[in-house]
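Structure, as structure tokens:
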Amino acid sequence: MSARPLMQRLARWHIWLGWAVGVPFLLWTASGLFMAARPIEEVRGEDLRAAAVPVAADGLIFPRIAGPIAKVTLIGQPRQPVWVVTGSDSIPRRYAARTGAPLGEVSEAEARAIVAATFTGKARLTGILRLTAAQAPLDLRRPRPSWQASYADGTHLYIDAGTGEVLALRTQWWRVYDFMWGLHIMDLQTREDTSHPILILFAVFALVGSLFGTVLLFRRRKARR
């Protein structure tokens, strides 16, 4: 096959591949530009979250736990410091750090106290809602029962209903960023799968189309000379 018919065929394939990956290219570029335009610290709302309060080590009593322990965390909470102990069943449970006594689920009053001690923004708290693990919204990203605190600026603060831990702080910008990330990886359902057939297929099309375009570019430069 002579060089000219081959170049014509490459040009035709390049055009068809351009049509196939045109929309993905636009989505990748627009979403990438949006995600790069705002500092990630601002998107995460790091300035809206208070730093963890150190817990004095004196007087701490570790609870009596039956069975193996997978993880232990000491957390300072407004009413008292607590141990969060995760056993072999992967369920975290909290205990009073000064007595070792088991504690029940976080009440609404406790959740409000934790929210007030955590959120440092100026927006007004508009409501607090108890959610089950099955009701966990997409922006929480964890199948845990929680208290969702909503603020006037669109920020959501999630408190674990079982342990009182701060699970997540999601700003309005975070949710838009999350949507753009879903577009970028072509996964709007979970927004976490970065290796699926559709993304890989379009990426291969884009690579092949770019290679064809590069070959055609040098061929045209040679023809002009």
Side-chain angles (χ1 to χ4, degrees), residues 13-52 111 114-129 131-160 165-217:
W13 289 344
H14 179 66
I15 292 172
W16 283 109
L17 285 172
W19 281 108
V21 300
V23 173
F25 259 130
L26 180 61
L27 293 178
W28 292 335
T29 305
S31 58
L33 175 61
F34 178 88
M35 290 187 291
R38 188 169 290 268
I40 190 62
E41 295 80 9
E42 184 178 346
V43 172
R44 292 172 178 167
E46 293 182 3
D47 58 324
L48 303 177
R49 183 169 174 171
I114 296 171
V115 164
T118 302
F119 187 74
T120 60
K122 297 179 180 179
R124 176 177 56 87
L125 178 66
T126 58
I128 187 165
L129 179 66
L131 301 172
T132 65
Q135 295 172 323
L138 181 61
D139 64 349
L140 178 54
R141 288 292 202 281
R142 300 187 190 183
R144 287 288 301 167
S146 64
W147 287 97
Q148 181 196 64
S150 301
Y151 291 85
D153 63 353
T155 300
H156 291 162
L157 179 60
Y158 293 96
I159 306 299
D160 192 299
E165 296 173 281
V166 178
L167 294 176
L169 188 151
R170 307 302 193 199
T171 63
Q172 256 187 335
W173 277 110
W174 187 95
R175 288 191 289 277
V176 178
Y177 185 101
D178 188 48
F179 178 75
M180 289 296 178
W181 170 248
L183 287 178
H184 201 71
I185 64 173
M186 296 184 171
D187 177 24
L188 287 175
Q189 186 172 5
T190 66
R191 300 174 190 174
E192 294 183 351
D193 190 357
T194 58
S195 179
H196 56 85
I198 295 177
L199 179 60
I200 294 173
L201 178 63
F202 278 109
V204 170
F205 284 169
L207 176 61
V208 174
S210 299
L211 290 175
F212 286 174
T214 302
V215 173
L216 291 170
L217 175 63

Test side chain to side chain contact (heavy atoms under 4.5 Å, CB included) applied to V166 and I159, step by step
CA-CA 5 Å; V166 178; I159 306 299; 3.8 Å; yes

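- For the atom pair D178 CG and H184 NE2, the distance stands at 13.5 Å (nearest 0.5 Å).
- Side-chain N or O atoms of R144 include none that pairs as donor or acceptor with a backbone N or O of L167 at under 3.5 Å.
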Could you walk me through whether Y158 and L131 pass the side chain to side chain contact (heavy atoms under 4.5 Å, CB included) test, one step at a time?
CA-CA 10 Å; Y158 293 96; L131 301 172; 4.3 Å; yes

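- Nearest heavy atom pair, residue L140 against residue A168, reads CD1-CB, 4.2 Å.
- Closest of all the heavy-atom pairs between I185 and D193 is CD1-O, 3.6 Å.
- Within 6.0 Å of atom CD1 in I198, 12 or fewer heavy atoms from other residues, nucleotides or ligands are found, so the atom counts as exposed in its surroundings.
- The aromatic rings of F25 and W28 sit perpendicular, their planes meeting at an angle over 60°, well past the 30° parallel limit.
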Step by step, work out the side chain to side chain contact (heavy atoms under 4.5 Å, CB included) result for W181 and W174.
CA-CA 10 Å; W181 170 248; W174 187 95; over 6 Å; no

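- Summarising the geometry, atom CD belonging to Q189 is positioned 11.0 Å from atom NE2 belonging to H196; distances are rounded to the nearest 0.5 Å.
- In terms of modelled atom types and a separation under 3.5 Å, the side chain of T126 and the main chain of A152 share no donor-acceptor contact.
- Between P143 and A133, the shortest heavy-atom contact is O-CB, 3.5 Å.
- With rounding to the nearest 0.5 Å, the separation of CE in M186 from CD1 in I200 is 12.0 Å.
- Using a 4.5 Å heavy-atom threshold, the side chains of V176 and F34 count as touching.
- For the atom pair I128 CD1 and H156 NE2, the distance stands at 12.0 Å (nearest 0.5 Å).
- In terms of heavy atoms, L183 sits closest to L188 at N-CD2, 3.8 Å.
- Smallest separation of non-hydrogen atoms from S150 and L125: O-CD1, 3.3 Å.
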Could you tabulate the donor-acceptor pairs under 3.5 Å formed by side-chain atoms of residues 37-47, not counting sequence neighbours?
residue	atom	partner	partner atom	Å
R38	NH1	E42	OE2	2.5

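- The side-chain heavy atoms of Q172 and Y151, taken from C-beta on, include no pair separated by under 4.5 Å.
- Between the CZ atom of F119 and the OG1 atom of T155 there is a distance of 5.0 Å, given to the nearest 0.5 Å.
- Counting all heavy atoms, side chain and backbone alike, G182 lies closest to R191 at CA-CG, 3.9 Å.
- A 4.5 Å side-chain heavy-atom check between L157 and T118 finds at least one atom pair inside the cut-off.
- In this structure, T120 contributes its side chain and L48 its backbone to a donor-acceptor pair below 3.5 Å.
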Would you sort out whether R170 and R141 count as a side chain to side chain contact (heavy atoms under 4.5 Å, CB included), showing the intermediate values?
CA-CA 11 Å; R170 307 302 193 199; R141 288 292 202 281; 4.2 Å; yes

